[in-house]
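To keep things clear, I will list the structure first and then write my remarks on it.
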Amino acid sequence: MSELKLFNSLTRQLETFTPVHEGEARVYTCGPTVYNYPHIGNMRAYVFADTLGRVLSYKGYRLTHVINITDVGHLTDDADAGEDKMEKMAAEKAQSIWDIAKHYTQAYWDDIKALSIRQPAHWSIATDYVPAMIDYAKSIAEKHCYKLESGLYFDTSTVANYGALARAKTEEGEGRIDEVEGKRHAADFAIWRKTPAGETRQMEWDSPWGKGAPGWHLECSVMSKALLGMPFDIHTGGIDHREIHHPNEIAQNQAHEGCADSGARIWMHNNFLIERSGKMSKSSGEFLRVQLLIDKGFHPLAYRLMCLQAHYRSELEFSWEGLQAAFVRLKRMVMGVSTLRTRHAELVSASIVPNEQTVEADKWTLKQVQGAFSSPMAGTLKDFAAAIADDLNTAIAITALEDIVGLKKIDVAHQLAALADMDAVLGLNLLTLTRQDLRIRPKAAIITEAEIEAALTARKEARAAKDFAKSDAIRDDLIAKGVEVMDGDPLGWDWNLDV
């Protein structure tokens with residue numbers, strides 16, 4: 001198979017993936033700050049990281065993937081300004097900060113499941129590592145930090161090439177580092193934030209620098225080292241992390257390890273999801289959540305497909321029309337694979353295929369069914385492998401999968417085996433999803449499924465009696481209630497999603 005090439009944000013070039021530990025791939029992904037529900041733009045980062053992990057598994061590496069949960073330390077401005085996001089939300093809702101963290105962590109995990117994102121090896125919870133963070137800070141404080149009344153700050157002039165990852169010093173001008181009174185340098189950042197006199201935080205710990213809480217950037221350095229070791233292979237996150245958060249992680253890693261190594265060999269960042277109406281912002285009230293897509297009748301994997309249709313490093317514009325198009329494409333793929341599964345079941349039932357090819361459909365692999373790469377699919381399978389090895393070019397990979405679905409007069413067992421391997425990378429659950437699974441009741445629907453079935457039965461009877469006026473009236477009433485009647489289709493009906 002093709003060598004895996006990945007774009008390293010640190011070197012600004014494609015690099016061949018060579019693992020730190022032979023046969024292994026160790027990946028750290030910056031997870032959510034659990035002060036609110038994640039919006040779909042946030043979730044693009046985890047679809048990307050999941051796809052990366054799936055590709056590494058496909059390439060044969062033993063994957064150890066860590067995603068952190070930030071439940072303390074992240075301020076309302078990434079440049080160490082403002083309030084702690086967790087403390088602010090707890091105060092607004094008059095709830096325990098621990099309850100806030102628990103509720104929104106579960107909401108995030110629900111979205112992870114809905115989008116077919118695989119469970120990582122570890123969910124690292126920031127508050128579980130506070131003692132380790134204090135020890136880490138102690139080890140670098142004398143040489144790399146200084147105290148202010150507000151806490152302990154990292155002196156960025158003490159490490160080599162600070163900010164090399166960010167674009168702040170280039171013509172791209174994407175950096176945004178604010179001046180903060182008392183710091184030696186504008187880019188210096190908080191390692192430990194001391195609780196101001198007269199205030200009490202719900203989350204605070206004793207430290208050599210006063211009672212307080214760790215800085216946001218410290219958390220990821222400590223947890224990635226604890227769970228993956230230094231150096232590890234790949235660190236991922238949204239492109240917004242490239243400017244401040246990840247450069248600060250690198251600085252801490254350099255200070256703690258006593259070398260110029262960045263901690264991760266490759267740094268990877270997905271680009272933004274753009275939405276023109278402003279509903280991507282969590283301050284907008286009904287912002288764009290995965291649950292909102294479901295409430296409107298869209299299967300969440302339509303959003304996953306929408307993400308995969310674009311390269312992870314390109315901006316992706318969200319629109320309901322675009323989501324609708326991805327949903328239609330997903331339905332076609334599910335229908336095509338379902339047809340193949342039915343055909344295979346019929347062949348098995350008729351004893352036309354040998355016993356070794358009677359594997360359950362969700363367990364098909366090319367290793368179980370030999371010969372696929374020497375079949376008429378060989379060229380397309382090579383195209384698929386080359387696409388995902390080329391910095392995760394999922395857009396081309398999806399087209400290759402569709403080409404396999406559409407092939408005729410070939411061994412259906414090999415066809416299903418190939419599709420299972422391809423779908424293991426794309427995560428669309430094509431070998432288990434059914435058309436019924438994709439038919440999700442919109443929250444605004446004014447008719448129940450039972451009422452729809454009853455109406456369709458009455459319509460069938462009217463047509464049998466040649467009462468076409470009644471038949472048309474029933475159909476028109478269903479259409480008016482958001483139901484698409486599909487004569488001649490085994491599914492019978494579907495929701496008409498008005499975008």
Side-chain angles (χ1 to χ4, degrees), residues 1-17 25 27 29-30 39-59 65 115-118 165 167 172 174 233-243 246 264 266-276 280 288 300-319 321-327 329-330 333 380-404 422-428 430:
M1 286 194 289
S2 307
E3 285 188 329
L4 177 58
K5 293 187 178 296
L6 302 171
F7 186 84
N8 189 345
S9 297
L10 189 59
T11 61
R12 276 77 154 173
Q13 63 186 10
L14 284 173
E15 298 181 4
T16 298
F17 176 71
V27 180
T29 293
C30 278
H39 59 57
I40 58 173
N42 301 139
M43 296 310 297
R44 186 186 186 194
Y46 307 112
V47 171
F48 150 61
D50 178 62
T51 305
L52 170 65
R54 287 170 177 271
V55 168
L56 290 165
S57 296
Y58 175 86
K59 301 291 282 187
H65 192 180
L115 292 171
S116 190
I117 293 170
R118 300 191 304 182
L165 177 66
R167 302 300 199 270
E172 295 177 46
E174 294 178 13
D233 296 300
I234 304 172
H235 196 311
T236 80
I239 197 172
D240 51 322
H241 289 158
R242 190 187 65 187
E243 308 310 318
H246 287 170
I266 297 177
W267 293 76
M268 299 180 69
H269 299 90
N270 65 281
N271 213 325
F272 291 114
L273 181 75
I274 306 299
E275 200 277 328
R276 303 297 179 185
M280 199 66 72
L288 286 169
L301 290 182
Y303 176 66
R304 182 181 180 104
L305 178 57
M306 186 179 186
C307 290
L308 296 177
Q309 289 176 157
H311 194 273
Y312 75 89
R313 286 194 287 120
S314 66
E315 282 191 352
L316 172 61
E317 182 168 357
F318 176 83
S319 69
E321 292 78 12
L323 182 63
Q324 177 76 284
F327 196 17
R329 190 178 190 185
L330 178 63
M333 285 192 280
T380 306
L381 289 169
K382 288 178 182 177
D383 290 344
F384 177 87
I388 61 171
D390 182 18
D391 197 30
L392 317 184
N393 196 332
T394 51
I396 292 177
I398 292 166
T399 300
L401 183 147
E402 289 174 318
D403 288 344
I404 296 292
M422 299 165 97
D423 192 50
V425 173
L426 299 173
L428 296 171
L430 296 177

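Below, all heavy atoms of this structure are taken into account, side chains as well, without hydrogens, waters or symmetry copies. Quantities reported herein were computed from a predicted structural model and do not represent experimental measurements.
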message = Main chain of Asn271, side chain of Arg44: is a donor-acceptor contact present, judged purely on distance under 3.5 Å?
response = yes
task = Return the minimal non-hydrogen interatomic distance between Ala49 and Thr29, and the atom names on each side.
result = CB-OG1, 3.5 Å
note = Of Glu243, His246, Arg313, Arg242, the one forming a side chain to side chain donor-acceptor pair (under 3.5 Å) with His269 is His246
query = Atom CE of Met268 and atom NE2 of His235: how far apart are they, to the nearest 0.5 Å?
reply = 13.0 Å
message = Could you check whether any side-chain N or O of Arg304 sits under 3.5 Å from a backbone N or O of Leu426, counting only pairs where one atom can act as donor and the other as acceptor?
response = yes
inquiry  = Measuring only between side-chain heavy atoms, which start at C-beta, is Leu4 closer than 4.5 Å to Ile388?
reply    = no
key: Closest non-hydrogen atom pair, Met333 against Leu401   = SD-CD2, 3.8 Å
query = Got a second to check how far Leu52's CG is from Thr394's OG1, nearest 0.5 Å?
reply = 11.5 Å
key: Residue pair His65 / Leu56, side-chain heavy-atom distance below 4.5 Å   = no
task = Drop me the distance from Asp403's CG to Ile398's CD1, to the nearest 0.5 angstrom.
result = 12.0 Å
Minimum-distance pair of heavy atoms, taken over all atoms of Phe17 and Ile266 = CD1-CD1, 4.2 Å
task = Verify, without hydrogens or angle tests, whether Asn42 (side chain) and His39 (backbone) share a donor-acceptor contact under 3.5 angstrom.
result = yes
key: Atom of Leu305, atom of Ala326 and distance for their closest heavy-atom approach   = CD2-O, 3.2 Å
request  = Rounded to the nearest 0.5 Å, what's the gap from CG on Leu115 to CG on Leu428? Could you check?
outcome  = 11.0 Å
task = Give, for atom CZ of Phe48 and atom CG of Leu308, the distance between the pair rounded to the nearest 0.5 Å.
result = 12.0 Å
query = Quick check: does any side chain N or O of Tyr303 sit under 3.5 Å from a backbone N or O of Ile40, one acting as donor and the other as acceptor?
reply = yes
Worked verdict on Phe384 versus Ile404 for side-chain contact (heavy atoms from CB on, under 4.5 Å) = CA-CA 10 Å; Phe384 177 87; Ile404 296 292; over 6 Å; no
ask   = Got a donor-acceptor contact below 3.5 angstrom from the Ser9 side chain to the Trp267 backbone?
value = yes
Over all atoms of both residues, closest heavy-atom pair of Gly53 and Arg118 = O-NH2, 3.2 Å
message = Test your reading of the model: is there a side-chain donor-acceptor pair from Asn270 to the backbone of Tyr312, 3.5 Å cut-off?
response = no
request  = State, yes or no, whether a side-chain contact exists between Ser116 and Leu301 at a heavy-atom distance under 4.5 Å.
outcome  = yes
task = Check whether any side-chain heavy atom of Phe272 lies under 4.5 Å from a side-chain heavy atom of Asp240, and answer yes or no.
result = yes
request  = Mind listing the closest non-hydrogen atom pair of Lys59 and Ala389 along with its distance?
outcome  = NZ-CB, 4.2 Å
key: Spacing of CG belonging to Asn393 relative to NE2 belonging to His311, to within rounding of 0.5 Å   = 5.5 Å
